[in-house]
*Asks:* 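Take a look at this one; I'll ask things after.
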Amino acid sequence: MTPEKLTLHSLEAVAVTVPMARPLGTSAQTIKEASLLLLDLKTHEGVTGCGYAWCYQAGIARSLVPIVTELSDVLHGMALAPADLAQIIARHFKLPGLAGPIMMVVSSVDTAIWDAFAKAANMPLATLLGASPRPIRAYNSNGLGLMPASAAADEAEALLEGGFKGVKLRLGRAGGITHDLDVVRAVRKRLSDDIHLMVDFNQALSFADAMRYGAALDSEGVYWIEEPIRHDDYRHYALLAQATTTPIQIGENFTGLQPMAAALEASACDYVMPDLDRIGGVTGWMRAAGLAAAYNREMSSHLFPEVSAHLMAATPTRHWLEYVDWANPILQEPITIVDGNAVIPARPGHGMTWDQDAVKKFRLG
């Protein structure tokens, strides 16, 4: 079988909610379960590709199932050409707009298309994209939510299992900068100097507070400051990036290329970290990687380590892979971490296969 001969037969989606090993407390909300939309793309030739969306809430995951069913009717019988289908899907959703949950569907379908495409070519996705399936440096982003200082230090130390050289700590406590700094210092003290500590505010701060926090964090051994203010306030991000010596990281909320281009043009950040769900799947990611390279910005991933590892291998300015284990309960073979690096599987495609018994167990009614 060759990729050029594949034709799309159907799209099928299932909503699941799986427990998270470590609850994630952020400045926005505490998340204890992963609500996912699992998508399967079937071809007339018998090749199946898959992808999933991280939906944040169970209701969102459920609501996307009929949207996938309708899109399946639109795409039935079309040749499985990723770039062509990306344009067709974008045109189909032009009136409601490529944003929010709709973009989750678009990205998941695109990922499934590329998975089937790589399977038909009998090669890992990274290889199909022209890259060697090399180990990808990862930091552990599980847990480390808004918890007391001693508990955060304990959890940070536990997250180094597997050889990780970086962990992410959530900030933005209601108690203000003093409480956040106490936690940063407790965690930093527990970690050796060769361990990178990223901090993420999840857009919790005003611009004035972000300027104060940035100045305070500059002397605390923090590797990057992630999304301290509203994600699309690029003018103030540029001022913040100029004022701090600690690099500013944004990008998980780039919905397509236009916001990313606007942020880079405004010099709003030092690093970028697109999200597979929002940037447009594999097709969107590769375009974003070219944009990051044009602006000489190091590019990390946001969530989806199973697919993002392949994409990072093909990213000219690759930086860090964000590792989370949230999809592990429904995967036959979760991605492996060795010496702090994500190991790209040698299997054709991106390497994910659903554990059907687990899917039945966690399926939303």
Side-chain angles (χ1 to χ4, degrees), residues 26-28 99 103 107 136-139 141 166-172 177 180 184 196-280 284-304 308 311-312 315-324:
T26 75
S27 60
M103 195 60 167
S107 298
I136 304 297
R137 181 175 63 164
Y139 68 92
S141 195
V167 295
K168 182 186 285 185
L169 173 66
R170 276 71 182 184
L171 299 181
I177 189 170
D180 274 336
V184 170
H196 301 287
L197 177 61
M198 297 79 166
V199 300
D200 185 358
F201 284 93
N202 297 106
Q203 308 177 66
L205 305 179
S206 67
F207 171 63
D209 282 344
M211 292 292 280
R212 286 192 288 270
Y213 269 73
L217 289 170
D218 278 343
S219 60
E220 298 297 338
V222 169
Y223 187 72
W224 75 49
I225 300 171
E226 186 175 333
E227 282 202 335
I229 62 176
R230 197 185 75 201
H231 70 87
D232 57 353
D233 187 357
Y234 303 141
R235 181 170 68 92
H236 282 120
Y237 266 118
L239 295 174
L240 185 60
Q242 291 172 11
T244 63
T245 57
T246 306
I248 300 298
Q249 172 75 279
I250 66 173
E252 68 182 75
N253 283 293
F254 292 152
T255 302
L257 289 185
Q258 289 82 0
M260 182 174 173
L264 292 171
E265 182 64 23
S267 297
C269 55
D270 301 285
Y271 304 140
V272 290
M273 55 182 309
D275 176 285
L276 185 70
D277 238 6
R278 294 187 172 112
I279 201 65
W285 177 282
M286 295 309 296
R287 292 169 178 169
L291 190 58
Y295 279 86
N296 195 29
R297 288 296 194 280
E298 291 168 292
M299 182 161 147
S300 297
S301 65
H302 182 254
L303 309 184
F304 308 97
S308 296
L311 304 181
M312 289 286 285
T315 298
T317 61
R318 62 181 169 274
H319 196 197
W320 285 89
L321 177 87
E322 182 175 33
Y323 173 76
V324 293

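Predicted model only: the values in this text are computed from it and were never measured.
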*Asks:* Between R230 and D232, is there a side-chain N and carboxylate O pair less than 4.0 Å apart?
*Replies:*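 Yes, this pair counts.
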*Asks:* Kindly indicate whether the side chain of P274, heavy atoms from C-beta on, has any atom under 4.5 Å from the side chain of M299.
*Replies:*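 In short, these two side chains touch, coming nearer than 4.5 Å.
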*Asks:* Say you draw a straight line from OG of S308 to CG of L321; how long is it, rounded to the nearest 0.5 Å?
*Replies:*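 Here the rounded value is 6.0 Å.
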*Asks:* Considering non-hydrogen atoms only, spot the tightest contact between T317 and A292 and give its length.
*Replies:*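 The pair with the smallest heavy-atom distance is OG1-CB, 3.9 Å.
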*Asks:* Once you round to the nearest 0.5 Å, how far does CG of L217 lie from CZ of R212?
*Replies:*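 If I round to the nearest 0.5 Å, the distance is 13.0 Å.
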*Asks:* How far does CD1 of I229 sit from CZ of R235, to the nearest 0.5 angstrom?
*Replies:*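 Reported value, rounded in 0.5 Å steps: 9.5 Å.
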*Asks:* Please lay out, stage by stage, how H231 and N253 fare under the test side-chain hydrogen bond (donor to acceptor under 3.5 Å, both in side chains).
*Replies:* CA-CA 7 Å; H231 70 87; N253 283 293; 4.6 Å; no
*Asks:* Going from OG on S141 to CE on M198, what distance comes out if it is rounded to the nearest 0.5 angstrom?
*Replies:*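 Between atom OG of S141 and atom CE of M198 there are 9.0 Å.
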*Asks:* Walk me through whether Y237 and I250 qualify under side chain to side chain contact (heavy atoms under 4.5 Å, CB included).
*Replies:* CA-CA 9 Å; Y237 266 118; I250 66 173; 3.6 Å; yes
*Asks:* Please name all residues satisfying ring-ring contact (aromatic ring centres under 6.0 Å, His included) with F201, sequence neighbours left out, ordered by chain then number.
*Replies:*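 For F201, the residues satisfying ring-ring contact (aromatic ring centres under 6.0 Å, His included) (neighbours in sequence not counted) are Y213.
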*Asks:* Working to the nearest 0.5 angstrom, can you tell me the gap between I279 CD1 and L257 CG?
*Replies:*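 One finds 5.5 Å between CD1 of I279 and CG of L257.
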*Asks:* Is the side chain of R278 donor-acceptor paired with the backbone N or O of D275 at a distance under 3.5 Å, no angle test?
*Replies:*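 Answer holds: no.
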*Asks:* Just say parallel, tilted or perpendicular for the rings of Y271 and W224, cut-offs at 30° and 60°.
*Replies:*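 Answer is perpendicular, since the angle exceeds 60°.
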*Asks:* Nearest heavy-atom pair of A266 and A238: which atoms, and what distance?
*Replies:*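 Reported closest heavy-atom pair: O-CB, 3.3 Å.
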*Asks:* Testing the 3.5 Å rule here: is there a donor-acceptor pair between the side chains of W285 and S107?
*Replies:*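 Absent: no donor and acceptor within the cut-off.
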*Asks:* Is there a side chain to side chain contact (heavy atoms under 4.5 Å, CB included) between W320 and E298 once you walk through the steps?
*Replies:* CA-CA 9 Å; W320 285 89; E298 291 168 292; over 6 Å; no
*Asks:* Please enumerate all residues that pass ring-ring contact (aromatic ring centres under 6.0 Å, His included) together with F304, with sequence neighbours excluded.
*Replies:*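 By the ring-ring contact (aromatic ring centres under 6.0 Å, His included) rule, F304 matches Y52.
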*Asks:* So do H319 and R137 actually touch side chain to side chain, heavy atoms under 4.5 Å?
*Replies:*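 Yes; the side chains approach each other to less than 4.5 Å.
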*Asks:* Walk me through it: do N202 and R170 pass the test side chain to side chain contact (heavy atoms under 4.5 Å, CB included)?
*Replies:* CA-CA 8 Å; N202 297 106; R170 276 71 182 184; 3.7 Å; yes
*Asks:* I'd like a table of donor-acceptor pairs (distance under 3.5 Å, sequence neighbours excluded) in which one partner is a side-chain atom from residues 242-249, with atom names and distances.
*Replies:*
from : atom 1 : to   : atom 2 : distance (Å)
T244 : OG1    : L240 : O      : 3.2
T244 : OG1    : T246 : O      : 3.0
T245 : OG1    : D218 : OD1    : 3.1
T245 : OG1    : D218 : OD2    : 3.4
T246 : OG1    : D218 : OD1    : 2.7
Q249 : OE1    : V272 : N      : 3.1
Q249 : OE1    : M273 : N      : 3.4

*Asks:* How far apart are the C-alpha atoms of L276 and L303, what are their side-chain angles, what is the distance that settles it, and do they pass the side chain to side chain contact (heavy atoms under 4.5 Å, CB included) test?
*Replies:* CA-CA 8 Å; L276 185 70; L303 309 184; over 6 Å; no
*Asks:* Just so I know, are the side chains of M211 and H236 near enough to count as touching, which here means a heavy-atom distance under 4.5 Å?
*Replies:*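 The answer is no; the side chains never approach within 4.5 Å.
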*Asks:* Return the CD to NZ distance between E322 and K168, rounded to the nearest 0.5 Å.
*Replies:*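 So the CD of E322 and the NZ of K168 are separated by 3.5 Å.
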*Asks:* Is there side-chain contact between D200 and L169, with heavy atoms separated by less than 4.5 Å?
*Replies:*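 They are not in contact (no side-chain heavy atoms under 4.5 Å apart), so the answer is no.
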